[in-house]
Structure formats: structure tokens, C-alpha cells
Amino acid sequence: MTVSERFQEIRTGFESSFWVANLSEIFERLAYYGAFASLALYLQDQLNFSTEQTGTLTGIFGGMVWFLAIFGGAAADRLGFRRSLSIAYLILTAAYFLVGSIGAPWLAPVRNLMPLGLFVGIILILPALGVSLVKPCVVGTTARASQENVRSIGYSIYYTMVNIGGAAGPYFASWSHRHLGVANVYRVAALSVFAMFFLILCLFREPRKTGDKPAPQIAEVARNFCAVVGNYRLVLPTFLAALLLRVGLWIYPNLSVPWWIWVGLLALILAGFSRFMWFLALFSGYYIVYWQMYISLPGYIHGYINPHADVELVLVTVGLTVICLTLAMNLLTRRIPAFHAVILGTIISSAAWLILAFQPTVWGAVLSLFVVAIGEIIQAPRYYEYISELAPLGQQGTYMGFAFLPIGIGSLIGGWFGGTLLHHFGEVTHQPARIWWCVAAVGLATAALLWIYDKVVRKDAPAPGQYARA
């Protein structure tokens, strides 16, 4: 096939809805990563949260999206993609505007009704409601609005759009922070997604194909969820108890819970997990390490390297690296088995933070992020490949929804972890470089545990079709 014929195939192989949905994805990612890039500085410098509180709240913002993604696909199928996208962009508009208005006088009556940490935590959960609807809609449109012969190209276009938004977000946050102030980063984010609301209303048409399966019921998704978790009668009540304890500590910050209670709750949850959930729990360590670029790095650079450094611009490094090197790295590592590629990527991303430990400069941070991105490029596509191979027939969607769980778990735990490290090594012992030794140690321990899982557990695992209740 000639280049002109291939171009013609691409030009005619996608419905207009494909391009509209993927264009909106750029602006959704731009808003999300722009907001994330400035969040730690906003919470600590503008709202005067401690380093520990900042870490926890930043982790909530990054983590809740991926928990809700499990159910977002079912909700989007029931509502339809056009209606879901419209609702999602309205939710995101209001959510980002509220994040930027946390300290505004007009919110004072509501803000004064509860502890500030709880108030901010609730607001930071709101963007997750919108993002969890956008993701399945755009991926679903890519599948439905593209012909079979160009569908793989469609997914490549989608992945490219995500990374363009991911690279542009911190850059736009840098510009907004410098020219408009950090609170206005979130108002500009709100404007960008509000524009996408009108784009969807005016140009998006519901993509439909003959032979579409009926949309799954929420109850069906819940049943699959319970089957994949394992002993859900043990896991879910224990998780709920831990969640209520955590919310109670937000409401009554002077109270404390002994460490052994948390350890006991964690042990009960792990005891009820299926083998698949054990793998996801272990792999969460990768994202505890990965999310430190948004949780710990901004405060570290401003507090211990250069208070005037443009942190948001430094964070552009990851997105640019992924855009430029994904194809080359995939070609170089295509012969490595999927599970081994996941372990290799984890080792590289984890060891990358040692560069910053040895070279605590802005350029040291840039180089660390570049190597983190290399590790991400190696492991990310192979991770999803591995998950797809595990999924039993009829449960691919459920398993792929669960594939996002380590991202959410890593952000929530990583928020507490990063805030604790910044407080202890930065403010108590005044040895900030040790932060990155601890971060790297968690990642390398994750790689070691994955290797043990591969040798001990995975070899004895049942066939994929029998895996759900293992």
C-alpha cells in the first residue's frame, strides 16, 4: 500500500466523533496535569497546609480518579457517550473552579462548617467524578468510531493526544502561575474544560455500530468486582472501616490511631485478596514512587534547591520524553516478556531518583524525571498487555478497569508517604537528600517482590480463564 493510499484510508476510516473526542482529551489532560503540577505548591504556600497534610491531599486528588474508573465505564455505557461527556465536562468545570476558590471569601460560610482539611479533601475528590467518565467515553469512541483497518492507529492517536495534554498541562500551569497567580491555574483549567462542554454539544454525535453489546448493569459490574477482589466479605468491610477511621481523623485531627490498628486492617485486607489482587497490590509500589514527581518534588525543589525555580516547567520533562521516545523504546524492548518488562521499568524508574539524591539541583531533577519516563515507557504498555492476557472471557472490561487500581492506591499511599518523608528528612533531621533514597528503596523493593511473585506465585497460577476466583 502506498503512502497516499494509507493516508486516504486514515482520512476516511474515522468518523468525526473520533476526532472531536480525542481533541477534547487533549484539553482534559492539559487541565488535569496542569492542576496536579501546581497543587502541592498551592496547598502549602497559598493555603498554609503542612508538608504532611499537603502530601495526603495531593494523593487524594491523584488517586480517586482511578478508583472511580472501575465504575465509570458502566455509567458511561448506560448514559451514552455524548451525554456522559457533557456531564463530565460540566462537573470538571465546577470542580476546578472550586479548587481555585478554596480560599475565596464567598466560600467562607461553607468552609467554616468543618475542618479545613476535610473541606479541601471533599473538593479535591470532585474532579475524579468527571475524569472517570471522560476516560471510558473517549476510549469507547475510539473503538466505535473507527473502522477495523485503522483501529490500531486510532488507539495510537489517542495515546499521543493523552501525552500531548500531559506535556502541555505543566507548561500551561507554569505560564498561569507566573502571570496570573497559582489559584488562577485552576480557573484557567476550568475554562479549558468548559470549552470542551460546548465542543461536545455542538460537534459530537453518538457513535453507534451494529452488533454493540447491551450496556452492562451497575449490579453486573459490582458482581464482577467482588469476584476479582477475592474474599470480598472480608476485604470490603475492612476497607470501609479503614476509610471511616481516616475520615474521622480528618474531622477530629487531635485524635490518633495506634499504628498496630492500621497494620491489622492491612493484614486482613491482604488476607482476603485473590492472586490477581496480590499482583495489583504489589505493583502499587511503582506508583508510590512515580507520583512523587507531583507530591514531593515541587516542595523539595522550592524548599531545598531553589525557591524561585519554575517547578511546573520541570515537570514538562516526563510528557515530552514519552512523546519523543515511546516508539523507539517499544522497538528496543519488544522481545522482552511482558512481566519482565514491567519489572525492568520499575527498576529504572525507581533508580532514577538516586540521580536527584546525588545531584540536588534543578537539572538533576530534570535528569531524574527523564529516566523515570524511560522506565514508564518500558513498563506501561507491557503492563496492560499482561493484564489483558489474564482476563477471562467476558471479563476483559472488569480486569482492565482493575488495572488502574495501582495508580490510585499508589497516589493515596504515596501522598501520605511523600508528606511524611518531606516532614521527617526536610524539617526534622534536615537531611532532605535522604527522601530520594527512601523513594528509590520502595521502588526497588517493589521490583524484588514482583520477581518473587513471578517465581513463586505466578508459576502456580491457574489458567487465565480460571483466574477470577483464584
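Along the sequence shown, residues carry numbers from 1.
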Measure the shortest side-chain to side-chain distance between [X] and [Y] over non-hydrogen atoms and say whether it is less than 4.5 angstrom.
X	Y	value
L57	L39	no
I157	F18	yes
I435	L356	no
M277	L280	yes
F417	Q292	yes
V131	R29	yes
C226	V235	no
F370	L325	yes

Over 60° means perpendicular and under 30° means parallel, so classify the ring planes of [Y] and [X], tilted if in between.
X	Y	answer
F404	W66	tilted
W291	Y287	tilted
F339	Y386	perpendicular

Strictly by modelled atom types, are Q53 and S50 linked by a side-chain donor-acceptor pair under 3.5 Å? yes
Indicate whether any N or O donor in one side chain lies under 3.5 Å from an N or O acceptor in the other, for Y294 and T58.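 Not at all, the side chains of Y294 and T58 share no donor-acceptor pair under 3.5 Å.
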How far apart are the C-alpha atoms of F358 and W437, what are their side-chain angles, what is the distance that settles it, and do they pass the ring-ring contact (aromatic ring centres under 6.0 Å, His included) test? CA-CA 10 Å; F358 285 113; W437 285 97; 5.3 Å; yes
Just how far is it from atom [atom1] of [X] to atom [atom2] of [Y], taken to the nearest 0.5 Å?
X	Y	atom1	atom2	value
M114	F119	CE	CZ	7.0 Å
L344	I378	CG	CD1	4.5 Å
L369	Y290	CG	OH	9.0 Å
L234	L270	CG	CG	10.0 Å
N22	T141	CG	OG1	8.0 Å
Q379	H340	CD	NE2	15.0 Å

Donor-acceptor pair, [X] side chain versus [Y] backbone, under 3.5 Å?
X	Y	result
S17	R205	yes
R382	I336	yes
E25	M161	no
Y186	A35	yes
Y42	V99	yes

Sequence neighbours left out, what passes side-chain hydrogen bond (donor to acceptor under 3.5 Å, both in side chains) with E312? Give chain and number order. S38, H177
Residues forming a side-chain hydrogen bond (donor to acceptor under 3.5 Å, both in side chains) with T346, sequence neighbours excluded: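 For T346 there are no side-chain hydrogen bond (donor to acceptor under 3.5 Å, both in side chains) partners, ignoring immediate neighbours.
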Over all heavy atoms of both residues, which pair between [X] and [Y] is shortest? Give the atoms and the distance, please.
X	Y	value
I60	G121	CG2-O, 4.2 Å
I200	V20	CD1-CG1, 4.1 Å
F61	L124	CD1-O, 3.8 Å
S284	P406	OG-CA, 3.4 Å
V314	I301	CG1-CD1, 4.4 Å
V289	V439	CG2-O, 3.3 Å

Kindly confirm or rule out a cation-pi arrangement of R144 over F81, judged by NZ or CZ under 6.0 Å from the six-membered ring centre and within 45° of its axis?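 Verdict for F81: a cation-pi partner in R144.
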Kindly determine whether I409 and I413 satisfy side chain to side chain contact (heavy atoms under 4.5 Å, CB included), including the steps that lead there. CA-CA 6 Å; I409 295 171; I413 298 177; 3.6 Å; yes
Taking the six-membered ring for Trp and the single ring otherwise, decide whether the centroids of [X] and [Y] are under 6.0 Å apart.
X	Y	answer
W19	F14	yes
W436	F425	no
F239	Y232	no

Checking side chain to side chain contact (heavy atoms under 4.5 Å, CB included) for the pair H423/T420: CA distance, chi angles, key distance, verdict? CA-CA 5 Å; H423 171 68; T420 300; 5.9 Å; no
Pairwise side chain to side chain donor-acceptor pair (under 3.5 Å) hits with a residue in residues 83-93, at least two apart: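 Sorted pair list: S24-Y89.
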L422 and E427: CA distance, side-chain angles, deciding distance, side chain to side chain contact (heavy atoms under 4.5 Å, CB included) verdict: CA-CA 7 Å; L422 275 172; E427 298 169 351; over 6 Å; no
Mind running side chain to side chain contact (heavy atoms under 4.5 Å, CB included) on Q44 and F49 for me, showing each step along the way? CA-CA 5 Å; Q44 195 163 359; F49 282 101; 5.7 Å; no
